[in-house]
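Within every chain, numbering begins at 1; the chains are lettered A, B, ... in the order of the sequence lines, protein sequences first and strands thereafter.
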There are 2 protein chains.
Amino acid sequence: MSDAKSATHAQRALIYLRQRILNGQLAGGTRLFEVALAEELGISRTPVRAALARLAEEALLDRTSGGGFAVRSFAVRDVVDTIELRGVLEGTAARLAAERGVPAEMLAEAREIIRQIDRLFSAETIDMDGYSALNTRFHALLARMSQSDVIQRQIERIIALPFASPSAFLDDHSHQLALIKTLGTAQEQHRALIDAIVNREGARAESLAREHARAARRNVESLLGQEAALREGVPSLAILST
Amino acid sequence: MSDAKSATHAQRALIYLRQRILNGQLAGGTRLFEVALAEELGISRTPVRAALARLAEEALLDRTSGGGFAVRSFAVRDVVDTIELRGVLEGTAARLAAERGVPAEMLAEAREIIRQIDRLFSAETIDMDGYSALNTRFHALLARMSQSDVIQRQIERIIALPFASPSAFLDDHSHQLALIKTLGTAQEQHRALIDAIVNREGARAESLAREHARAARRNVESLLGQEAALREGVPSLAILST
DNA sequence: TACGCTGCGAATGTATACATAAGGTGCCCC
DNA sequence: GGGGCACCTTATGTATACATTCGCAGCGTA
């Protein structure tokens, strides 16, 4: 328990294993054995089992036939489809927001976030961590605007996969200039999205949210078109199988 | 272990609890305690915990702050939103199927299912179990047509909730004649959906699948507009909170 | 009366020993 | 030589005892 601040052993094991899966240190298809993990972590099987069950819940593990667990394999197509799915779900959230109407406070909050992102852009160099945090807040707010717990839940579930999160690939610093241009486009989409919701234009809002997610998809595809060396610094892609 | 055919105690507990939640015997918000359940089932806490974890995975339980579990509450709006969500996901599956193209064997299988449903309609009285099975097969096939494991997985997850399954509310026999008319419409939508996919008309396919799901939504809403007595025979709705 | 503190109890967290089943390997028989 | 059976190994399944923590209630004090 030297380096861990987590309350319970199960939480520590959960964090440790999640990390190693997302890292790619545990390759897709690898079977995870309770005893081995328990020894490795210096704890008993019980908390390990709890951690494995939660990772299965997060869709990072598959349950094998015999009752065990194996690391889920993510192929390129899976990553692309997951991002597409996020677009579809956020699109639905946006459409519902437009159809059902959104409380003024939420709209104000959205506009405030947009304003803060604008402020970041006016600085000399862009504070990527700051942008990432604001962008995440914007997307979480969009999910809430749907006023549907069901939709919100699904979006949270998808976003938990790091390569599908709205802030994925922002940590790739290899194309700083291209990235800045991309962020400008994204910000325009944020603005248009709120405009559509305010005007109760459901179809437009849905379409904009989908297109907004496509930016992430283009990022993946361009990264994968590069030499392997250039992908090294992109942790979100470490989980990829091949 | 007298009445159970399940291999393990955990599976037996899982089935038992799932049943009671879907029944409505365990009301939404009810906290589930390991010790109490273990005593009730005559087993130890360990398999109970395993069952609870899996029910959380199925989205039938929420994890409470302290580390426990509580039965998830489903309000009418949640049911409606979940059906809407199924429509959105099946719409995405249909669109992807149209965009990516579908192997001839799958199309043949779809047409065969449609043919068999036609045959059911020509009988004197409609075999509802038979229809339900065929309808379920059609929807499962549609999910596969997307050729996306990610999408397929999500659809399976949603359909696991009985009130969101494509065959929900077919067991309501109170309006037999109206139902038959509904089934005719559904069958037309099945046909149009396959037609759209064959012709690579993505937007049309998506729109048709969404509208197809709306039938289930209309069913819920009409059932809820009735007197409580008429809703008694509809097991899919037993889980509703209020 | 209101606030807080303390102690008790009931819940989950954990370790461990044993049960059981499934899968693999090696030997033996055909 | 090949196939099948049996054993053994190794995995998960289960029970139970103990640890720990969190919350609540009751009492006390300001």
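Of all nucleotides listed (D/dT12, C/dT12, D/dT14), D/dT12 comes nearest to the side chain of A/E34. Among the nucleotides D/dT12, C/dT12, C/dA15, the one closest to any side-chain atom of A/R31 is D/dT12. For A/R45, taking side-chain heavy atoms from C-beta onward, the closest of the listed nucleotides C/dC18, C/dT14, D/dA15 is C/dC18.
Near DNA chain C, meaning a heavy atom under 4.0 Å away, the residues from residues 46-62 of chain A are A/T46, A/P47.
In terms of position along DNA chain C, the nucleotide closest to B/F33 lies nearer the 5' end than the nucleotide closest to the other residue of the pair B/F33 and A/S44.
Per the geometry, CD belonging to A/E39 stands 14 Å off C1' belonging to C/dT16, to the nearest Å. C/dT20 atom C1' lies 14 Å from atom CD of B/Q11, rounded to whole Å.
Checked by atom type and distance alone, the side chain of B/Q147 pairs as donor or acceptor with a backbone atom of B/G101 at under 3.5 Å.
Aromatic ring centroids of A/F163 and A/F74 lie under 6.0 Å apart.
Taking a cutoff of 4.0 Å between a charged side-chain nitrogen and a carboxylate oxygen, B/E84 and B/R214 qualify as a salt bridge. Taking the charged nitrogens against the carboxylate oxygens, A/R115 and A/E112 do have a contact shorter than 4.0 Å, which makes a salt bridge. Ion pairing between a basic and an acidic side chain is recognised when a charged N comes within 4.0 Å of a carboxylate O; A/E109 and A/R144 show such pairing.
Below 30°, between 30° and 60°, or above 60°: for B/H212 and B/H190 the angle between ring planes is above 60°, a perpendicular geometry.
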